[in-house]
Amino acid sequence: MPSDPVEQTKQVKAASDIVAVVGSYIPLHAAGKTFKAVCPFHNDTRPSLDVDPQRQRYKCWSCGAHGDVFSFVMHQEKVGFKEARAILAAKAGIKLDEQQSPQDHHRARLLEVMKWAQAKYAYQLLEDDTGAEARKYLGERKLAGKTIRDFGLGFAPIVGDWLVRLAAAERIPAEVLVEVGLIAARDGGRGYYDRFRDRVMFPIRDVRGQVVGFGGRIMPNNPLAARGPKYYNSAETTLFHKSDLLYGLDLARHGAAAAGYLAVVEGYTDVMMAHQCGVPQVVATMGTALNAKHVAQLRRYVPKVVLVYDADAGGFSGVDRALEIFVSQDVELAVATLPDGLDPCDLLLKPDGVEIFKKVLTSAVDALDFKLNKLLERDQPPSDAEKQRIADDILGIMAAAPLIPGAAAQMKRELIVTRLVRRLGIKDKDDNEKMLWKRYNELRKAHEQRESERLQKEREQGRDAKPSGFAPARPTDAVGAASTERRPDGSRGKSDPHHFLATTLVRLLVAEPELVPVAAAEIKPEDIGHTGVRRLVGEMYAVWERGQVPDIEVMRARLEDRPDLFDALVREADVGRDLEDRPKKLQDVIANFRRMKAEAASKEVKAALREALTPEQQVEALRKLQQTQPPKPNNSNSAA
């Protein structure tokens with residue numbers, strides 16, 4: 001087996017016929033040269049999935065899902081590329097020769113220790129006499145034995161150094177247990193103590209089911225129960241970052257595909273009881289507000305997220321924060337309200353509670369409508385002043401949201417404004433929409449000013465300043481059609497022809513890599529404005545310079561940090577393969593790049609000419625203008 005990861009990938013792919021792989025998951029039916037199936041990635045009622053054995057590709061003509069054999073396994077199994085490759089390698093009987101980096105080896109060691117600790121805690125709960133009270137407590141909470149085992153619950157005895165002594169007996173270094181947050185050093189170098197004592201232990205697992213942290217619930221009869229925290233999570237470690245994790249996602253992701261959404265609740269036992277009662281599409285945050293990282297994870301599995309809140313004002317305060325995130329994300333957000341202020345666990349234990357809970361989830365209200373309903377409840381019918389206040393409230397949430405470029409994000413903002421006009425019953429729709437866009441831009445500028453002042457103040461105080469509302473987000477439109485942003489007056493800007501030209505370049509090069517040196521001699525990556533396209537072109541050039549062919553598998557490895565860009569590249573490759581006479585089209589693209597570059601230079605010189613003060617400056621500007629006159633436009637319309 002070759003040790004080069006790219007060659008390993010190619011070998012696994014060559015051994016994994018897409019018809020056989022897809023057919024191992026869903027029934028396929030021959031339809032001429034291709035195979036048809038009911039698409040597993042959306043609620044399909046007729047066979048809309050095509051599997052092409054010649055191209056070794058699949059595509060759903062309804063939901064748009066597409067890709068190669070790796071993509072299919074990634075989407076079907078809800079795993080990353082490396083995990084999908086390992087699954088296919090195992091199916092094909094290929095042993096992967098993956099050499100771990102020192103960092104990967106260390107992380108694997110930490111995960112082994114967490115797995116060891118979880119097994120020790122689980123034994124104490126399920127088998128040892130010291131776990132009797134904990135078993136009784138969980139029985140009173142009506143959690144079944146299967147549920148307890150599925151979620152890996154355990155118990156940490158009250159003895160202060162129980163885990164420390166177990167680790168020493170099995171020669172596990174104390175420093176490793178400190179690093180994963182299970183024990184801590186005593187003052188004065190007098191040994192170590194367990195950080196979790198007399199607590200029911202909830203393993204916190206990543207999406208692959210690996211234990212990365214713990215949450216501990218103190219026993220109700222503990223003498224310190226009234227003074228200490230009821231729930232105590234692992235400290236931030238190399239493995240555990242509470243703002244990145246969702247409790248139960250490793251199990252919920254499978255049920256979410258069938259339900260079409262994931263519901264987010266607040267507590268561990270809420271998640272467990274929901275799964276126990278046949279509602280598996282439920283997860284929880286780690287005691288933090290829902291953030292952009294959570295949303296990015298959830299979007300991998302479902303197009304819709306339902307936030308479950310208690311029916312009290314304090315619970316609804318999170319809706320505004322969530323709306324700020326979802327305004328700029330390609331995810332549908334809804335809000336479900338529990339009756340009588342109950343939490344999910346209590347509701348599910350009531351007579352008919354399961355059916356009521358399911359109905360609450362399926363009847364969840366769109367988050368924007370939910371917010372508007374709450375605002376409109378205060379004053380019916382609302383006065384003009386009240387309508388203005390409500391509009392400012394919603395536009396303020398939009399203004400505080402991360403401003404992510406792209407047609408999809410802009411369309412979402414436009415839909416919000418349109419719905420705002422409709423819900424408030426505003427007359428003269430077009431004029432008032434323009435007024436709302438004007439007000440939005442005013443609020444946006446005010447927000448950016450406050451943000452700038454805050455960052456400046458933190459820099460002056462010597463702190464590491466980070467934008468509060470601008471969490472990094474995955475680009476929503478990596479290579480696709482250029483954004484047409486709203487102007488302040490509500491009108492649309494024109495689509496960018498330069499972006500279309502650059503996208504055509506990517507299509508040609510990925511479909512026919514032998515054209516890379518021709519393009520590299522004429523078009524530099526820095527000539528491309530769109531950052532995603534610039535990255536793709538630059539990577540293909542770099543691969544060619546190293547003496548390799550920038551085919552899909554090589555590019556997959558180079559774009560491991562940007563799966564969105566790789567997905568876009570695959571999509572553009574399919575388009576590029578259908579283009580005829582690609583060398584001729586590349587020459588058209590090059591000619592148009594030259595023309596557009598010359599036109600841009602000419603505009604700069606003309607601007608300098610207008611600003612020239614002395615005769616000498618005017619002569620110099622005229623000379624440069626003559627040198628930068630663009631060539632006559634190319635008669636071909638094939639590329640631009």
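In this text, all values refer to a predicted model and were calculated from it rather than measured experimentally.
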Summary of side-chain hydrogen bond (donor to acceptor under 3.5 Å, both in side chains) pairs that have at least one residue in residues 251-264, sequence neighbours excluded: Tyr261-Gln281
CG/Leu505 to CD/Glu572 distance, rounded to the nearest 0.5 angstrom? 11.0 Å
Once ring-ring contact (aromatic ring centres under 6.0 Å, His included) is applied, what residue pairs with a partner in residues 19-41 remain, sequence neighbours excluded? Tyr25-Phe72, Phe41-Phe72, Phe41-His75
Excluding sequence neighbours, so at least two apart, what forms side chain to side chain contact (heavy atoms under 4.5 Å, CB included) with Trp116? Lys120, Leu163, Leu166, Ala167, Glu170, Ile172, Leu177
To check you understand the geometry: which heavy-atom pair defines the closest contact between Ala334 and Ala364, and what is its length? CB-CB, 3.7 Å
Side chains of Leu559 and Arg535: closer than 4.5 Å at any heavy-atom pair? yes
Please lay out, stage by stage, how Phe196 and Tyr232 fare under the test ring-ring contact (aromatic ring centres under 6.0 Å, His included). CA-CA 8 Å; Phe196 294 94; Tyr232 181 65; 5.4 Å; yes
Which heavy-atom pair separates Ala274 from Phe357 by the least distance, and what is that distance? CB-CE2, 4.3 Å
Pairwise side-chain contact, Asp551 with Val554, heavy-atom cut-off 4.5 Å (strictly under): yes
Any residue meeting salt bridge (Lys or Arg N to Asp or Glu O under 4.0 Å) with Arg199, in chain and number order, not counting sequence neighbours: none
Could you tell me which non-hydrogen atom of Leu182 sits nearest to which non-hydrogen atom of Ala117, and how far apart they are? CD1-CB, 3.6 Å
Please enumerate all residues that pass salt bridge (Lys or Arg N to Asp or Glu O under 4.0 Å) together with Glu560, with sequence neighbours excluded. Lys82
Could you give me the CA-CA distance, side-chain angles and deciding distance for Thr237 and Leu110, then say whether side-chain contact (heavy atoms from CB on, under 4.5 Å) is met? CA-CA 10 Å; Thr237 69; Leu110 298 182; over 6 Å; no
Could you walk me through whether Val271 and His275 pass the side-chain contact (heavy atoms from CB on, under 4.5 Å) test, one step at a time? CA-CA 6 Å; Val271 173; His275 284 240; 3.7 Å; yes
What residues, two or more places apart in sequence or in another chain, satisfy salt bridge (Lys or Arg N to Asp or Glu O under 4.0 Å) together with Glu553? Lys13, Arg556
Heavy-atom pair with the smallest gap, counting every atom of Leu249 and Gln297: CD2-OE1, 3.5 Å
Answer yes or no: is there a donor N or O on one side and an acceptor on the other, between the side chain of Glu83 and the main chain of Met74, under 3.5 Å? no
Start with the C-alpha gap between Thr285 and Leu246, add the side-chain angles, then the distance that decides, and say whether side-chain contact (heavy atoms from CB on, under 4.5 Å) holds. CA-CA 5 Å; Thr285 58; Leu246 289 160; 3.8 Å; yes
Rounded to the nearest 0.5 Å, what separation is found between the CZ atom of Arg205 and the CG atom of Asp250? 4.5 Å
Measure up the Tyr121 and Phe214 rings against each other and bin them: parallel (under 30°), tilted (30 to 60°), perpendicular (over 60°). perpendicular
Within-4.5 Å side-chain heavy-atom neighbours: Val516 and Val543: no
Do the non-hydrogen side-chain atoms of Asn233 and Ile204 ever get within less than 4.5 Å of each other? yes
CA sep, side-chain torsions, deciding dist, call: Arg107, Thr238, side chain to side chain donor-acceptor pair (under 3.5 Å): CA-CA 8 Å; Arg107 179 180 173 83; Thr238 303; over 6 Å; no
Can you list every salt bridge (Lys or Arg N to Asp or Glu O under 4.0 Å) pair that touches residues 15-42, not counting sequence neighbours? Lys36-Asp50
Run the numbers on Arg109 and Glu112 for salt bridge (charged side-chain N to carboxylate O under 4.0 Å, His left out), then give the verdict. CA-CA 5 Å; Arg109 174 60 173 152; Glu112 287 176 7; 3.8 Å; yes
Donor-acceptor contact present, side-chain Glu512 to main-chain Leu509, <3.5 Å: no
Atom pair NZ/CG of Lys358 and Leu348 - distance to nearest 0.5 Å: 10.0 Å
Specify the closest pair of heavy atoms between Val51 and Val22, including all atoms of both residues, with the distance to one decimal. CG2-CG1, 4.1 Å
Would you check if the side chain of His530 reaches a backbone N or O of Val533 as a donor-acceptor pair within less than 3.5 Å? yes
Taking atom NZ of Lys142 and atom OG1 of Thr147, what is their separation to the nearest 0.5 Å? 13.5 Å
Phe155: partners by ring pair (Phe, Tyr, Trp, His ring centres under 6.0 Å), with sequence neighbours left out: none
Rounded to the nearest 0.5 Å, how far apart are CG of Asp52 and NE2 of His66? 14.0 Å
State whether Glu355 and Lys359 are salt-bridged, where the test is any N-O pair (Lys NZ or Arg NE/NH1/NH2 against Asp/Glu carboxylate O) under 4.0 Å. no
Do Leu126 and Ile148 come close enough that some side-chain heavy atom pair is under 4.5 Å? yes
Show your reasoning for whether side-chain contact (heavy atoms from CB on, under 4.5 Å) applies to Arg562 and Glu539. CA-CA 12 Å; Arg562 288 292 304 273; Glu539 292 288 1; over 6 Å; no
Kindly write out the residues that satisfy salt bridge (Lys or Arg N to Asp or Glu O under 4.0 Å) with Arg141, not counting sequence neighbours, or none if the list is empty. none
Flag side-chain contact, heavy atom, 4.5 Å: Arg85 against Gln8: yes
When every non-hydrogen atom of Ile94 is compared with those of Val12, the smallest separation belongs to CD1-CA, 4.0 Å
Taking side chain to side chain contact (heavy atoms under 4.5 Å, CB included) as the test, write out the residues that go with Asp150, two or more places apart. Lys146
Which residues pass the side chain to side chain contact (heavy atoms under 4.5 Å, CB included) test with Pro525, sequence neighbours left out? Arg534, Tyr541
Let me confirm one number: the CD-OG distance from Gln11 to Ser16, rounded to the nearest 0.5 Å. 10.0 Å
If we only count heavy atoms from C-beta on, is the His294 to Val283 side-chain gap below 4.5 Å? no
Near Arg149 CZ, under 6.0 Å, is it more than 12 heavy atoms from other residues, nucleotides or ligands? no
Show me the pairs that pass salt bridge (Lys or Arg N to Asp or Glu O under 4.0 Å) and involve residues 57-66, at least two apart or across chains. Arg57-Asp574
Hey, are the side chains of Val282 and Leu262 touching, using non-hydrogen atoms and a 4.5 Å cut-off? no
Has Lys10 got more than 12 heavy atoms of other residues, nucleotides or ligands less than 6.0 Å from its NZ? yes
